[in-house]
Visitor: 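Sharing a structure here in structure tokens format.
All values derive from a computational prediction rather than experimental measurement. Sequence lines set the chain letters: A, B, ... in the order given, protein chains first and strands last, and positions in each chain run from 1.
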Amino acid sequence: MTNQEIAKILQEIGEYLEMQDVPFKPRAYEKVAEVIASFQEELSDIYKKGGLKAIGEIPGVGASIAGTIEELLKTGRSKHYEELKKKTPVNLSELSSVEGLGPKKINVLYRKLGITDLKELEAAVKTHKVKSLEGFGAKTEENILKGIGFLKLHEGRFSLGEALPIARSISERLSKVEGVERVEIAGSLRRMKETIGDADFLAIAKDPKSVMDFFVSMPEVGHVYGKGETKSSVKLKNGMDMDLRVVPKESYGAAMSYFIGSKDHNVLLRQLAIKKGFKLNEYGLFEENRKTKKQKNIKKEGNWFKVAGETEEGIYEKLGMKYIPPEIREAQGEIEASLNDQLPDVIGYDDLKGDLQVQTNWTDGKNSIEEMAKAAIAVGLDYIVITDHTKRLAMANGLDEKRIRQQWKEIDEINKKLEPENLKNKKPFKILKGTECDILKDGSMDLPDEILEKLDVVGASVHSLFNLSKEEQTERVKKAMNNPNVDIIFHPTGRLINKRPAYEVDMDELIAEAKKTGTVLEIDAFPDRLDLKDEYIRKCVKTGVKMSIDSDAHAAVHFNVLEFGIAQARRGWAEKKDIVNAWPVEKMLGMLK
DNA sequence: GCCGTTTTCGGCCCGACTGTTTTCAGTCG
């Protein structure tokens, strides 16, 4: 059993106990589920090495939960969980994904109406059976219906953060099948879109049949739509659809171009090819017979001769274009820019030097300042800013004036400890003092200015009152930007992909205000945020507003999400000069207020 | 159910909002 599966069961045990109004235990289970979900090492490995004792050493795990984990690892089941599930046999994860529905309400819906899943819930709401229940009403019905609608809107779409690791794992296994020369991820996943409908793979193989056999019989495959010599389609058990295409080596570049898309981009590219006297399809770029007869290295195909196709670069060259990074192939002016040699030099995946939003166990993070710093060093960063929450966010144990001053002392000590001579790579590394300070309802800050002005980096966030009117919300954030100590607005629209829409805010106005006040806007790299989204990034680039790409790490493993933020920045045409934490620390600090 | 330079027993993060009620339960962060 994987950590994710174990975490999910512990989480559900907590929710079941919550239904029965059991005090304190739900918290214990929820907490431990969170810890395990973001645990670096697989519990099965820990158990293999150190047995029950090692499991018990995980923070939050006591005798009882250790026993449950052991049972899960050994048998794949938990008696405790199954007994609870028997009492209330509902699809918990499905029902609680509806905004506003928690364990208590789910319990009432099951007891009174026998509702076990989303479909039954929707039917009950539509026939107005729900509003007469005690504690429910017309408004609750309305909200549930809205919640279901939002879930449905994203049905079948996976976030980049969910899809990419799965696709990479499969791509790696495919590439090891005998006779396979090369495998690439294509489609929207290759363009690093924030959500994807399905995953496409492209392969060169001497023996297509063996790779197709392998593909359709992978353990995670739940259903095979079809299987052929050049194309197979499957649905994974988790609901994700996947296609594998095997193409000949000589068409590989053309196939890449065709299957990376986007569709709109392809249409424009083919139109351009026609205009220049070519024909472009997934097999190659072709020129008419008479013109190319005498040239070498040209393969005949009907009345047309192939002039390019093995590589994408070759096709671009023949069309008089510069190579276009997959992330910006969205028919947003990139073809024209390519023809005129005006493509952006988009930020590279190795270009970040620092991370300006990092949480620690001083508040709701899992790891200490030192652990986060070491993890940052390990991924090659030169500096991080510690930005724990502030007191308004009581659930996260947010810092007040007294505790943040204490934190500064610890940061100073660890900085000394991490002097270059004490590090393996001997490279300077710096922990900076910062905050993720709540923006209160009136736009004022949750910490006094005399604290903020002492910090290296001040980030400000909206964490409450998401339902203010657009005008109020915009004014609120604008006021924060005008605070002379506020350097960055973190996750500026507050959206959670597939879960919660952004709060109402006028982004054009905020971008203009950011320009005026010299405030940085963050690209939060956490895959369920990716906030700013690509179109706003592009607007910032055009306006000259600087941005930062931050992990929003709440655990040492989270620095790997920076990749998603960089991808998002690339999709927004951002260059190194637009991203302040792609700069050395002095230059970055010099730019801030 | 977990945890301990306040405790091996007695605490456990808590304020705000919503929608239901007419003082409060449930949910969220």
Side-chain angles (χ1 to χ4, degrees), chain A residues 9-36 55-71 78 80-81 84 92 95-109 111 125 130-147 359 361-365 388-400 403 406 436-442 446 461-469 472-473 476 490-491 494-496 499-501 503 526 528-529 552 554:
Chain A
I9 287 179
L10 293 173
Q11 167 79 26
E12 291 201 7
I13 291 177
E15 288 178 48
Y16 277 126
L17 294 171
E18 178 80 33
M19 281 181 193
Q20 299 168 13
D21 234 339
V22 177
F24 302 114
K25 290 187 192 181
R27 259 291 104 88
Y29 277 101
E30 263 170 50
K31 258 180 166 168
V32 90
E34 256 184 72
V35 170
I36 289 170
I55 297 290
E57 276 164 16
I58 296 165
V61 177
S64 172
I65 291 181
T68 304
I69 293 173
E70 180 175 49
E71 195 190 349
S78 153
H80 186 197
Y81 172 69
L84 290 165
L92 250 189
L95 288 175
S96 49
S97 65
V98 178
E99 182 107 23
L101 274 196
K104 298 280 170 66
K105 283 199 170 125
I106 291 171
N107 191 35
V108 173
L109 289 168
R111 298 272 165 253
V125 168
V130 171
K131 70 174 174 192
S132 52
L133 296 175
E134 202 179 338
F136 292 72
K139 198 81 195 205
T140 316
E141 266 192 356
E142 204 180 293
N143 284 339
I144 290 175
L145 206 55
K146 254 193 229 161
Q359 262 68 242
N361 61 7
W362 278 73
T363 59
D364 61 349
D388 277 301
H389 288 292
T390 55
K391 61 195 184 212
R392 159 64 189 68
L393 219 58
M395 55 79 71
N397 194 21
L399 303 182
D400 57 15
R403 286 184 68 218
Q406 288 167 358
E436 177 176 12
C437 190
D438 259 54
I439 303 174
L440 305 179
K441 184 177 182 183
D442 64 354
D446 195 26
S461 302
V462 170
H463 285 128
S464 60
L465 298 161
F466 291 165
N467 58 346
L468 293 184
S469 72
E472 278 180 290
Q473 200 71 275
R476 181 188 186 187
F490 285 159
H491 45 73
R495 70 164 177 174
L496 291 177
K499 286 178 198 145
R500 179 180 76 198
Y503 44 74
F526 228 79
D528 58 355
R529 287 198 184 267
D552 200 354
H554 282 66

Visitor: Around A:Glu57, counting heavy atoms of other residues, nucleotides and ligands shown, do more than 12 lie under 6.0 Å from its CD?
Guide: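 Count over threshold, so yes.
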
Visitor: Between the side chain of A:Arg495 and the main-chain N/O of A:Arg529, is any donor-acceptor distance below 3.5 Å?
Guide: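 Such a contact is found between A:Arg495 side chain and A:Arg529 backbone.
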
Visitor: Look at the side chain of A:Lys105 and decide which nucleotide, out of B:dG1, B:dG26, B:dC14, has an atom nearest to it.
Guide: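 My answer, after comparing the listed nucleotides, is B:dG26.
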
Visitor: How do A:Arg392 and A:Glu18 order along DNA chain B: which one's closest nucleotide is nearer the 5' end?
Guide: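 This one resolves to A:Arg392.
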
Visitor: Using the aromatic ring of A:Phe24 (for Trp, its six-membered ring), decide whether it stacks on the base of B:dC2 within the limits of 5.5 Å and 30°.
Guide: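 Here A:Phe24 fails the 5.5 Å or the 30° condition.
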
Visitor: Between A:His80 and A:Glu71, is there a side-chain donor-acceptor contact under 3.5 Å, judged purely by atom types and distance?
Guide: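 The criterion, which ignores hydrogens and geometry beyond distance, is not satisfied for A:His80 and A:Glu71.
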
Visitor: Taking only the side-chain heavy atoms of A:Lys31 (C-beta and beyond), determine which of B:dT20, B:dT27, B:dC13 contains the nearest atom.
Guide: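 Ranking B:dT20, B:dT27, B:dC13 by closest atom to the A:Lys31 side chain puts B:dC13 first.
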
Visitor: In this structure, how many angstroms lie between the P atom of B:dC13 and the CG atom of A:Leu399, rounded?
Guide: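 Distance check: A:Leu399 CG to B:dC13 P gives 16 Å.
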
Visitor: Do A:Gln406 and A:Arg403 meet the criterion of a side-chain donor-acceptor pair at a distance under 3.5 Å?
Guide: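 There is no such pair (donor and acceptor under 3.5 Å, judged by atom type) between the side chains of A:Gln406 and A:Arg403.
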
Visitor: Could you identify the nucleotide paired to B:dT8, looking across every strand shown and requiring Watson-Crick or G-U wobble geometry with both distances under 3.5 Å?
Guide: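 No nucleotide pairs with B:dT8.
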
Visitor: Could you work out which one of B:dG29, B:dG19, B:dG1 sits closest to the side chain of A:Phe466?
Guide: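 Ranking B:dG29, B:dG19, B:dG1 by closest atom to the A:Phe466 side chain puts B:dG29 first.
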
Visitor: Of all the nucleotides listed (B:dT20, B:dG29, B:dT18), which has the minimum atom distance to the side chain of A:Thr140?
Guide: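 The listed nucleotide nearest to A:Thr140's side chain is B:dT20.
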
Visitor: Starting from the 5' end of DNA chain B, give me the residue, A:Tyr29 or A:Leu133, whose nearest nucleotide shows up first.
Guide: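 That would be A:Tyr29.
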
Visitor: I want to verify a distance call: between B:dA16, B:dC14, B:dG1, whose nearest atom is closest to the A:Ala394 side chain?
Guide: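 Out of B:dA16, B:dC14, B:dG1, the nucleotide with an atom closest to A:Ala394's side chain is B:dC14.
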
Visitor: With the side chain of A:Asn143 defined as its heavy atoms from C-beta on, choose the nearest nucleotide among B:dG19, B:dG26, B:dC13.
Guide: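 Looking only at side-chain atoms, A:Asn143 lies closest to B:dG19.
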
